[in-house]
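Heads up: numbering here begins at 1 and tracks the sequence. Since the model is a prediction, treat every value here as computed from it, not as a measurement.
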Amino acid sequence: MGPPGAGKGSLSNLCINHFGWLQISTGNLCRKHIAEQTKIGKEIDLIIKSGKLINDDLITSMVFEWFDENADKASGVILDGYPRTVAQAQAFGAMLSAKFPSVRVRVVLFDLTDDVVVNRLCSRYVCQNKDCQAVYSLTADSSLVSSGTAVCGLCSGILGRRDDDSEIAVRKRLEIYHRHEQQLIDFYQSNGSEIMRLDASKQLSQVFGDFVHIIGE
Ligand SMILES: [Zn+2]
């Protein structure tokens, strides 16, 4: 759990490579279902086209299906972008205790101030090559843009900004995020789950070191 730009995706990738864990991203799952025109995919497609938000039940059934097919393939699963609401957290918890009672849930909270998030996201460049999507920071590498040609060092793709990385848009996303974050923290605390805090303002390699330490792997 953490605000946009906290480095959840980067840390996930390290865990996948290092521990062989699997990652479930509801955003990617939605796109996959839509592309494959599954029953869930068609429903999601309709909802998006009508400008509505995808409801908790649909997201939850998608996650359950994924768990049925994949949960026994790895020693760990990273949930990225789920559960986002208390309703999702309750449904997910109920499914786990019914079907996978031995699975242990651990909540890791990425700690980062809003100002750092704004600073990071507003200086973020993303490779426009869909197969690459490497992320670059203007603050970390000012030569990227001063040279006039912002090109990906991995695939030579063009680097660009995301539409939703303007300061106003980022502050708005943070406001929504914090509302859900506090509710989820309250939910997991009342549940007796341990919430581990991670200082996400550090360099990625340090964050990974801290993470490995707190989860005791
Ligand atoms: Zn690239």
All N/O donor-acceptor pairs, side-chain side in residues 180-187, below 3.5 Å, sequence neighbours left out:
| residue | atom | partner | partner atom | Å |
| --- | --- | --- | --- | --- |
| Glu181 | OE1 | His178 | ND1 | 3.4 |
| Glu181 | OE2 | Tyr177 | OH | 2.8 |
| Gln182 | NE2 | Asp186 | OD1 | 3.0 |

Answer whether the closest heavy-atom distance between the side chains of Val105 and Ser193 falls below 4.5 Å.
no

Hey, does the side chain of Arg106 reach the backbone of Ile215 with a donor-acceptor pair shorter than 3.5 angstrom?
yes

Got a donor-acceptor contact below 3.5 angstrom from the Tyr136 side chain to the Gly153 backbone?
yes

Just verifying a value: how many Å separate Gln128 CD and Gln133 CD, rounded to the nearest 0.5 Å?
9.0 Å

Go through Leu79 and Gln23 one step at a time and tell me if the side chain to side chain contact (heavy atoms under 4.5 Å, CB included) criterion holds.
CA-CA 6 Å; Leu79 295 160; Gln23 183 202 22; over 6 Å; no

Could you walk me through whether Phe67 and Val77 pass the side chain to side chain contact (heavy atoms under 4.5 Å, CB included) check?
CA-CA 9 Å; Phe67 261 81; Val77 174; 4.2 Å; yes

Ile176 atom CD1, over 12 foreign heavy atoms within 6.0 Å:
yes

Could you see if Ile195 belongs to whatever hydrophobic cluster contains Val108? Use Ile, Leu, Val, Met, Phe, Trp, Tyr and a side-chain cutoff under 4.5 Å.
no

For the atom pair OH (Tyr82) and OG1 (Thr26), what is the distance rounded to the nearest 0.5 Å?
9.0 Å

Closest heavy-atom pair, Leu112 versus Ala6, reported as atoms and distance to 0.1 Å, is CD2-CA, 3.7 Å

Checking Arg124 side chain against Arg161 main chain: does a donor-acceptor pair fall under 3.5 Å?
no

Heavy-atom distance under 4.5 Å between the side chains of Asp45 and Lys49, does that happen here?
yes

How close do Asn129 and Cys155 get, heavy atom to heavy atom, and via which atoms?
ND2-SG, 3.4 Å

So how far is it from Cys15 SG to Phe208 CZ, rounded to the nearest 0.5 Å?
5.0 Å

Can you confirm whether Ile48 sits close enough to Ile44 that some side-chain heavy atom of one is under 4.5 Å from a side-chain heavy atom of the other?
yes

Taking Asn55 for its side chain and Asp57 for its backbone only, find out whether a donor-acceptor pair lies under 3.5 Å.
yes

If every non-hydrogen atom of Val207 is compared with every non-hydrogen atom of Ala200, which pair is closest and at what distance?
CG2-CA, 4.2 Å

Could you check whether any side-chain heavy atom of Leu11 comes within less than 4.5 Å of a side-chain heavy atom of Leu198, counting everything from C-beta outward?
yes

Cluster link Met62 to Leu96, ILVMFWY, side chain under 4.5 Å:
yes

Are Met196 and Val212 in one and the same hydrophobic cluster, where Ile, Leu, Val, Met, Phe, Trp and Tyr link if side-chain heavy atoms are under 4.5 Å apart?
yes

Please tell me if the side chains of Ile54 and Cys30 come closer than 4.5 Å, counting only heavy atoms from C-beta onward.
yes

Quick check: is Leu29 connected to Ile40 through a chain of hydrophobic side chains (ILVMFWY, heavy atoms under 4.5 Å apart)?
yes

Ring-plane angle category for Trp21 and Phe211, please: parallel below 30°, perpendicular beyond 60°, tilted otherwise.
perpendicular

CD1 (Ile158) with more than 12 external heavy atoms under 6.0 Å:
no

So which heavy atom on Cys127 is nearest to which on Cys152, and how close?
SG-CB, 3.6 Å

Evaluate the side-chain proximity of Glu65 to Asp68: yes if any heavy-atom separation is below 4.5 Å, no if none is.
no

So how far is it from Ile47 CD1 to Leu58 CG, rounded to the nearest 0.5 Å?
5.0 Å

Is it true that a side-chain atom of Asn17 and a backbone atom of Asn13 form a donor plus acceptor pair closer than 3.5 Å?
yes

Got a salt bridge between Asp80 and Lys8, using NZ or NE/NH1/NH2 to carboxylate O under 4.0 Å?
no

Measure across Pro3 and Val117 and return the closest heavy-atom pair with its distance rounded to 0.1 Å.
CG-CG2, 3.8 Å

Please say whether more than 12 non-hydrogen atoms of neighbouring residues, nucleotides or ligands are located less than 6.0 Å from CD in Gln203.
no

Could you check whether any side-chain heavy atom of Leu22 comes within less than 4.5 Å of a side-chain heavy atom of Asn70, counting everything from C-beta outward?
yes

Distance-only donor-acceptor hits, side chain of residues 85-95, under 3.5 Å, sequence neighbours excluded:
| residue | atom | partner | partner atom | Å |
| --- | --- | --- | --- | --- |
| Thr85 | OG1 | Asp56 | OD1 | 3.4 |
| Thr85 | OG1 | Asp56 | OD2 | 3.3 |
| Thr85 | OG1 | Gln88 | N | 3.2 |
| Gln88 | OE1 | Arg84 | N | 2.8 |
| Gln88 | NE2 | Asp56 | OD1 | 2.9 |

Say whether Ile214 and Met1 are linked into one hydrophobic cluster, either directly or through other cluster members, by side-chain heavy-atom distances under 4.5 angstrom.
no

Check against side chain to side chain donor-acceptor pair (under 3.5 Å), Asp199 and Ser201
CA-CA 6 Å; Asp199 180 355; Ser201 65; 2.6 Å; yes

Would you say the side-chain atoms of Arg197 pair up with the backbone N or O of Leu109, donor to acceptor, closer than 3.5 Å?
no

Heavy-atom pair with the smallest gap, counting every atom of Val151 and Leu159:
C-CG, 3.8 Å

Checking side chain to side chain contact (heavy atoms under 4.5 Å, CB included) for the pair Ile24/Ile78: CA distance, chi angles, key distance, verdict?
CA-CA 6 Å; Ile24 169 170; Ile78 302 158; over 6 Å; no

Regarding Glu167 and Arg171, does a basic nitrogen lie under 4.0 Å from an acidic carboxylate oxygen?
yes

Ser25 OG to Lys32 NZ distance, which is reported to the nearest 0.5 Å
12.0 Å

Roughly how far apart are Tyr188 OH and Glu194 CD, rounded to 0.5 Å?
14.0 Å

